[in-house]
Amino acid sequence: MLDRRLIREEPETIREALRKRGYEFDLDELIGVEQQRRELLEMVESRRAQRNEISEEIGRLIKEGGDAEPLKAQSTALGEAIAQSEEELRQVEERFEQLMLELPNIPLDEVPAGATEEDNVVMYSQGEIRRFEFTPLGHWELGVRLGILDFSVAANQAGARFVTDIGAGSALERALINFMLDTHTRQHGYTEVLPPFLANERSCYGTANLPKFEEDLFKTTDGLYLIPTAEVPLTNMQQDEILAAEELPKCYTAYTACFRSEAGAAGKETRGLIRVHQFHKVELMKFVKPEQADEELEKLVNNAEAIIQALELPYRRAHLCTGDMGFQPRQTFDLEGYFPGMDRWLELSSCSQYGDFQARRCNTRYRPEPEAKPQFVHTMNGSGLACGRTMAAILENYQQENGTVVIPDALRPYMGGLVEITPPLP
RNA sequence: GGAGGGGUGGCCGAGUGGACGAAGGCGGCGGUCUUGAAAACCGCUGUGCCGCAAGGCACCGGGGGUUCGAAUCCCUCCCCCUCCGCCA
């Protein structure tokens, strides 16, 4: 959610942001509704003030034994008028809120302009892309041959777009989770959190997954949502709180399962572990002071990169363009791993800063100075990393001609010293 | 799931339908005293919205109702605590 003051003070900034994003939105309606809202509000409030005055007078009269009946009648009449304007105001306010919630964040100036993925700017690549003396397989094929990923069992248990990890596959994913959490807590200074995997409506509004993206979420019969990412619980850690300046930056990391309905997604990108309804992810999240935002985001990206580097996977960093960026962020960097089996770069991590867009919705503030007025914090988060995709990248990059997969050095201590995953005996 | 008890400012806690945005305490800030600190004493200390301002409006878990007027009465939902039941 944007600052409502922007609507009347800097409408052109918003108009420009919408244009850069290629986002359809009736800004003029919002401006009109905002104006209307203020006019009605002033009317309602001045009438209320009048009524309060009369009520006080009635109290005084009664105490003195006077006749309060005429004033009571006056107050009742006024009450009816108030009720009527209040109803009008309520409707206007509702529309105003609705429109505000559908307004996307304003991209930072340095975000590259562009319409699609094609316009994202690759900033740099790291790690060597391995040359294979054989045709590398896709991870889904490797995983099935090794007996560590089973898509048909998952289909029977749950449905299409699910996976069941088995044996060394399960151990590998668990190793990844532990390795990531240990690294972020012990070396990068994050506090570990294990939150609920379901969230209520308010929390989903907080991160702006609602109201615009409800179709992406799984909803339970009693109105809770399965979290699409740990961003939801983490960003809502300090709902309605006013933090002290010294507490910032406040850094959290969490492993959670993530659930996405993936309505409408289909095609090549959906093979294997790339796009499933349930996956595992270790998330990084920070609450920061506005002036810390850029620096802290850079550190957060580096923290995610550290994992990819430790796993010795080739990757590159992309600066998402205005058109490819999500609704909520004002800047996003993707870390894309190279997948030799598919000959593709795919997102292992997406790191975004939101300014006060989410903090406003969650009502998370801080006090810059002990006596100063509270201000909204800035929020940011990034995957550190998506475990399923990282496992897929490991399988594809570490595969051997004889069908085995070597375990990256960094993970061996987490897998009882296992050096490679071998296929089951025929 | 059943029975009961609760939700008040940063925290603890009082609150009779009108003088309550709310006693008192703690904490925080400023001051007096002190070589310095502590103690003591004095003062200040919630948030949002509208307004150029003066000022006004709203908020005592959420929503609704009764009333001229609600923190206070009624309904409903949510959350917390205690006991019982069930359960990994």
Side-chain angles (χ1 to χ4, degrees), chain A residues 1-9 30-101 194-206 210 219-225 233 236-248 250 257 287 356 358-377:
Chain A
M1 185 128 71
L2 297 176
D3 186 346
R4 55 179 59 180
R5 263 183 298 253
L6 284 179
I7 306 300
R8 64 165 182 267
E9 288 170 10
L30 179 58
I31 293 170
V33 169
E34 200 275 339
Q35 169 91 23
Q36 222 182 332
R37 187 188 71 88
R38 264 183 306 145
E39 284 165 7
L40 277 168
L41 187 64
E42 267 178 64
M43 184 160 74
V44 167
E45 289 193 348
S46 67
R47 284 180 176 168
R48 280 187 193 152
Q50 226 177 318
R51 183 182 54 184
N52 288 346
E53 226 171 284
I54 294 174
S55 285
E56 253 175 73
E57 184 59 29
I58 291 173
R60 214 171 303 140
L61 266 179
I62 290 176
K63 201 152 288 178
E64 292 164 3
D67 178 17
E69 288 313 312
L71 278 181
K72 281 192 187 182
Q74 207 182 325
S75 177
T76 306
L78 195 52
E80 279 160 18
I82 291 172
Q84 215 166 48
S85 334
E86 274 177 341
E87 175 56 21
E88 263 180 87
L89 178 63
R90 196 192 57 73
Q91 284 176 20
V92 169
E93 217 141 47
E94 197 176 300
R95 181 67 186 144
F96 176 71
E97 282 297 313
Q98 191 185 347
L99 288 169
M100 285 302 286
L101 288 169
L194 184 55
F197 291 4
L198 278 79
N200 60 23
E201 200 173 58
R202 187 196 164 180
S203 297
C204 296
Y205 270 94
L210 288 179
K219 188 177 187 177
T220 69
T221 49
D222 37 28
L224 294 172
Y225 294 86
N236 284 285
M237 286 286 289
Q238 329 289 149
Q239 269 181 8
D240 297 320
E241 281 187 45
I242 299 174
L243 304 167
E246 314 83 71
E247 295 180 71
L248 303 174
K250 205 170 179 65
F287 297 97
D356 61 12
Q358 293 180 324
R360 224 171 255 290
R361 292 170 171 239
C362 297
N363 194 26
T364 301
R365 294 173 291 174
Y366 80 106
R367 226 178 270 284
E369 302 291 334
E371 299 294 289
K373 274 181 61 114
Q375 269 186 33
F376 288 108
V377 299

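A, B, ... follow the sequence lines: proteins, then strands. Residue 1 opens every chain.
Dense packing is recorded around CD of Gln98(A), with more than 12 heavy atoms of other residues, nucleotides or ligands lying under 6.0 Å away.
Separating the P atom of rC20(B) from that of rC57(B) is a span of 16 Å, rounded to the nearest Å. Straight-line distance between the C1' atoms of rG48(B) and rA40(B): roughly 38 Å, to the nearest whole Å. A distance of about 23 Å separates the C1' atoms of rG62(B) and rG69(B), rounded to the whole Å. Nucleotides rC77(B) and rA70(B) have their P atoms positioned 24 Å apart, rounded to a whole Å. Comparing the P positions of rC52(B) and rG13(B) gives a spacing of 43 Å, expressed to the nearest Å. Look at the P atom in both rC33(B) and rU47(B): the space between them is 31 Å, to the nearest Å. rC11(B) and rC68(B) have their P atoms separated by 37 Å, with the value rounded to a whole Å. Straight-line distance between the C1' atoms of rG15(B) and rC73(B): roughly 15 Å, to the nearest whole Å.
Atom NZ in Lys72(A) sits roughly 9 Å away from atom C1' in rU67(B) (whole-Å rounding). When the C1' atom of rG17(B) is taken as reference, atom CZ of Arg60(A) falls 18 Å away, rounded to whole Å. Between the C1' atom of rC79(B) and the CD atom of Gln239(A) lies a distance of 13 Å, rounded to the nearest Å. Asp240(A) has its CG atom 14 Å from the P atom of rG61(B), to the nearest Å. The CD-P distance, from Glu241(A) to rC11(B), rounds to 9 Å in whole Å. Whole-Å rounding puts the Gln74(A) CD to rG69(B) P distance at 13 Å. Look at CD on Glu201(A): it is 13 Å from C1' on rG62(B), rounded to the nearest Å. Atom CZ in Arg48(A) sits roughly 11 Å away from atom C1' in rC59(B) (whole-Å rounding).
We find the CD1-NZ distance between Ile62(A) and Lys72(A) to be 5.0 Å, quoted to the nearest 0.5 Å.
Here the closest non-hydrogen pair linking Arg37(A) and Arg4(A) is NH1-NH1, 3.2 Å.
Base pairing annotation: rA71(B) forms no Watson-Crick or G-U wobble pair, as no partner gives both donor-acceptor distances under 3.5 Å. Nucleotide rC83(B) forms a Watson-Crick or G-U wobble pair with rG2(B), both donor-acceptor distances falling under 3.5 Å. Across all strands shown, rG17(B) has no partner, as no Watson-Crick or G-U wobble contact with both distances under 3.5 Å is found. rA39(B): no Watson-Crick or G-U partner with both key distances under 3.5 Å is found in any strand. In this structure, rG9(B) makes no Watson-Crick or G-U wobble pair, since no nucleotide meets both defining distances under 3.5 angstrom. Using Watson-Crick or G-U wobble geometry with both donor-acceptor distances under 3.5 Å, rA58(B) finds its partner in rU47(B).
No donor-acceptor pair under 3.5 Å is formed between the side chain of Asp356(A) and the backbone N or O of Phe376(A).
Salt bridge Glu86(A)/Arg47(A): absent, no basic N to carboxylate O contact under 4.0 Å. A salt bridge links Glu34(A) with Arg38(A): the distance from a Lys NZ or Arg NE/NH1/NH2 to an Asp or Glu carboxylate oxygen falls below 4.0 Å.
The side-chain contact (heavy atoms from CB on, under 4.5 Å) check on Ala245(A) picks up Lys289(A), Tyr366(A), with sequence neighbours excluded. Residues forming a side-chain contact (heavy atoms from CB on, under 4.5 Å) with Ala244(A) (at least two apart in sequence, or on another chain): Glu246(A), Glu247(A). For Glu241(A), the side chain to side chain donor-acceptor pair (under 3.5 Å) partners are Gln238(A), not counting sequence neighbours. Here Glu87(A) pairs with Arg90(A), Gln91(A) under the side-chain contact (heavy atoms from CB on, under 4.5 Å) rule; sequence neighbours left out.
Within residues 80-91 of chain A, no residue approaches RNA chain B, by heavy-atom distance under 4.0 Å.
Within 4.0 Å of Leu78(A), counting heavy atoms only, lies no atom of the nucleic acid at all.
RNA chain B is contacted by both Ala49(A) and Leu71(A); Ala49(A) maps to the nucleotide lying nearer its 5′ end (nearest heavy atom per residue).
Residues Thr76(A) and Glu80(A) are in side-chain contact: their nearest non-hydrogen atoms beyond the backbone lie under 4.5 Å apart.
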Report summary line: Quick tally for nucleotides 44-51 of chain B: nucleotides whose base has a protein heavy atom under 4.0 Å get B, sugar-phosphate-only ones S, the rest -, giving ---SSSSS
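Between Asn52(A) and rA58(B) there is a side-chain N or O to OP1 or OP2 distance below 4.0 Å.
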